[in-house]
Asker: 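Take a look at the following structure, please.
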There are 2 protein chains.
Amino acid sequence: MEEQIIDVLKKSQLSVTDSRRKILELFLQSDSAMAHHDIEIKAGEKFDRVTVYRTLQAFLDKGIIHTIPTPDNSVKYALCKDNCEQGHHHDDHIHFICKICGITTCLDEVHVPEIKLPRGYKTQQTEVVVSGICKECS
Amino acid sequence: MEEQIIDVLKKSQLSVTDSRRKILELFLQSDSAMAHHDIEIKAGEKFDRVTVYRTLQAFLDKGIIHTIPTPDNSVKYALCKDNCEQGHHHDDHIHFICKICGITTCLDEVHVPEIKLPRGYKTQQTEVVVSGICKECS
DNA sequence: CATATTTTGCAACACTGTTGCAAAATGTAG
DNA sequence: CTACATTTTGCAACAGTGTTGCAAAATATG
Ligand SMILES: [Zn+2]
Ligand SMILES: [Zn+2]
Ligand SMILES: [Zn+2]
Ligand SMILES: [Zn+2]
């Protein structure tokens, strides 16, 4: 794990610091998306709020993580499993939010559909967020 | 217009006040979705911030408007054109955000597709937000 | 018009996210 | 390992967003 973490950071040309190691570890251990606040808590109050913001921004820039917009207006973050690099994300999956347990997950195996738009509109990106009841809660 | 506004408010069992009239008028005049801040500005500094929040919340509760989640985490609001009542929204359309002019619109004529989820997941609601270039900008 | 109810504005507050800057940590090369 | 240049961190301060309690004002009702 520790090896993998350092490997990812170096490949992204990020210097290896405590906060980056710890936060990347959280992502690797978690199977669901995390809000900024979750990360702050889980990091164990060891790091300043500002450092968490900057670390997440760095991870986003490097394509290590991606954001998930939620209906309640709280951005969540999850690891990019596809080969996203330097801000060019190739994620093509939908996201699921459970209304019972509140968990947000990447459904990597479910691809976003192609949406046919009216004449004149050009699609660049499609975000699909499905809410309902997850596997565990049903 | 004034008639229509009072009609909508009364049908929703909302008392007719200046702020509700003004804000509902803004929605009826606008053909794109508005952020809270837009509404605050357009209402002409006549109303307190808190009043705008409470008015929007009342409109949401009554099914007069609906929210649109955006990737940059700024909720926008738009009129419900379908017959949504008392929080039971029947909107079934997708939303479009132009990356050039920044406008967010309801594409009422484009319905959300059915997404087939893995075994165990139950869908309650599907949000689709497409980003790209709008009719005007292309 | 008089009264009960609802809504508004204000003050205060909590939370979220950003910036500038000095101190600390990291990477690099001898 | 050490010295040095570069990057990152923590802190303080700040702007923006959203919420609550409460008294004053507006509205609905008869
Ligand atoms: Zn669940
Ligand atoms: Zn994802
Ligand atoms: Zn446009
Ligand atoms: Zn809409």
Side-chain angles (χ1 to χ4, degrees), chain A residues 2-3 5-26 33-62 64-65 67-77 86 102 104, chain B residues 2-3 5-26 33-62 64-65 67-77 86 102 104:
Chain A
E2 190 60 19
E3 254 179 58
I5 289 170
I6 292 174
D7 191 52
V8 170
L9 290 177
K10 289 207 164 152
K11 271 190 181 148
S12 301
Q13 296 169 296
L14 290 171
S15 47
V16 180
T17 66
D18 287 351
S19 57
R20 289 176 181 163
R21 275 214 299 254
K22 179 62 182 170
I23 293 175
L24 184 48
E25 186 181 34
L26 289 178
M34 293 182 288
H36 177 96
H37 190 251
D38 301 332
I39 297 167
E40 234 179 283
I41 302 296
K42 285 187 187 165
E45 294 159 11
K46 272 188 64 184
F47 307 105
D48 193 81
R49 246 161 28 86
V50 178
T51 300
V52 177
Y53 280 110
R54 290 195 272 225
T55 302
L56 291 174
Q57 190 56 55
F59 286 2
L60 281 175
D61 290 346
K62 298 298 184 178
I64 298 173
I65 59 177
T67 59
I68 305 163
T70 61
D72 72 326
N73 203 25
S74 71
V75 169
K76 301 221 171 173
Y77 302 87
Q86 306 285 45
T104 302
Chain B
E2 189 61 18
E3 254 180 57
I5 288 170
I6 292 174
D7 191 53
V8 170
L9 290 177
K10 289 207 165 151
K11 271 191 182 149
S12 301
Q13 296 169 295
L14 289 171
S15 46
V16 180
T17 66
D18 286 353
S19 57
R20 289 176 182 165
R21 275 213 301 254
K22 179 63 182 169
I23 293 176
L24 185 48
E25 187 182 35
L26 289 178
M34 292 182 288
H36 176 96
H37 191 248
D38 301 332
I39 298 167
E40 234 180 285
I41 302 296
K42 285 187 186 164
E45 293 159 13
K46 272 189 64 184
F47 307 106
D48 193 80
R49 246 161 28 86
V50 178
T51 301
V52 177
Y53 280 110
R54 290 195 272 226
T55 303
L56 291 174
Q57 189 56 53
F59 287 2
L60 281 175
D61 291 345
K62 298 298 186 180
I64 298 173
I65 59 176
T67 59
I68 304 162
T70 61
D72 72 325
N73 203 26
S74 71
V75 168
K76 301 222 170 172
Y77 303 87
Q86 307 285 45
T104 301

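In what follows, every chain begins at residue 1, and chains take the letters A, B, ... in the order their sequences are listed. Treat the numbers as computed from the prediction; the structure is a model and nothing was measured. The figures here come from the full heavy-atom set of this structure, side chains too, leaving out hydrogens, waters and symmetry mates.
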Asker: Please state how far atom CZ in A/F47 lies from atom C1' in D/dT9, giving the value in whole angstrom units.
Answerer: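 That distance rounds to 10 Å.
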Asker: What's the shortest heavy-atom distance between A/A33 and A/K76, and which atoms?
Answerer: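 So the minimum-distance heavy-atom pair works out to CB-CB, 3.9 Å.
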Asker: Quick check: any donor-acceptor pair below 3.5 Å linking the side-chain of B/R49 to the base of D/dG18?
Answerer: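 Indeed, a donor on one side and an acceptor on the other fall under 3.5 Å apart.
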Asker: If I take atom CD1 in residue A/I23 and atom C1' in nucleotide D/dT9, what distance separates them, rounded to the nearest angstrom?
Answerer: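 Distance, rounded to whole Å: 12 Å.
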Asker: How would you summarise protein contacts on nucleotides 1-6 of chain D per nucleotide, using B for base, S for sugar-phosphate only and - for none, with heavy-atom distances below 4.0 Å?
Answerer: ------
Asker: State the NE2-CZ distance between B/H37 and B/R49, to the nearest 0.5 angstrom.
Answerer: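 Separation between the atoms: 9.5 Å.
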Asker: In Å, rounded to the nearest 0.5 Å, how long is the span from OG1 of B/T17 to CD1 of B/I23?
Answerer: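 Reported value, rounded in 0.5 Å steps: 8.0 Å.
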Asker: Quickly work out the B/Q13 CD to C/dT7 P distance and round it to whole Å.
Answerer: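 Taking atom P of C/dT7 as the reference, CD of B/Q13 is at 11 Å.
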Asker: Using heavy atoms to find the nearest nucleotide of DNA chain D for A/D48 and B/Q57 separately, return the residue whose nucleotide is more 5′.
Answerer: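 Upstream on the strand: A/D48.
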Asker: Starting at NZ of B/K46 and ending at P of C/dC10, how long is that distance when rounded to a whole Å?
Answerer: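 Checked: the NZ to P distance equals 14 Å.
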Asker: Write down the distance between CD1 (A/I6) and P (C/dT26), rounded to a whole number of angstrom.
Answerer: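 So the CD1-P distance, A/I6 to C/dT26, works out to 11 Å.
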Asker: Measuring from atom CD1 of B/I65 to atom CE of B/M34, what distance do you get when rounded to the nearest 0.5 angstrom?
Answerer: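 B/I65 CD1 to B/M34 CE: 8.5 Å, rounded to 0.5 Å.
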Asker: How would nucleotides 20-30 of chain D be written as a contact map, 5' to 3', with B for base contact, S for sugar-phosphate-only contact and - for no contact, using protein heavy atoms under 4.0 Å?
Answerer: BB-----SS--
Asker: Can you tell me how far C1' of D/dG10 sits from CZ of A/R20, to the nearest Å?
Answerer: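 From A/R20 CZ to D/dG10 C1': 15 Å.
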Asker: Atom OG1 of B/T55 and atom CD of B/Q57: how far apart are they, to the nearest 0.5 Å?
Answerer: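 Rounded to the nearest 0.5 Å, the OG1-CD separation comes to 10.5 Å.
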Asker: When rounded to the nearest 0.5 angstrom, what distance separates CG in A/L9 from CZ in A/F59?
Answerer: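 Going from the CG atom of A/L9 to the CZ atom of A/F59 covers 5.5 Å.
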Asker: Verify the ring-centre separation between B/H36 and B/Y77: is it less than 6.0 angstrom?
Answerer: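 Centroid separation for B/Y77 and B/H36: 6.0 Å or greater.
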Asker: Does anything in residues 14-24 of chain A pair up under salt bridge (Lys or Arg N to Asp or Glu O under 4.0 Å), and if so which pairs, sequence neighbours excluded?
Answerer: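 Sorted pair list: A/E2-A/R21, A/D18-A/R21, A/K22-A/E25.
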Asker: Expressed as a whole number of angstroms, how long is the span from B/Y53:OH to C/dC15:C1'?
Answerer: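 Taking atom C1' of C/dC15 as the reference, OH of B/Y53 is at 12 Å.
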Asker: Supply the atom-to-atom distance B/T67 OG1 to B/L56 CG, rounded to the nearest 0.5 angstrom.
Answerer: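 Reported to 0.5 Å precision, the distance equals 11.0 Å.
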Asker: Nearest whole angstrom, please: distance from the C1' of D/dT17 to the CG of B/D38.
Answerer: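 Roughly 14 Å, once rounded to whole Å.
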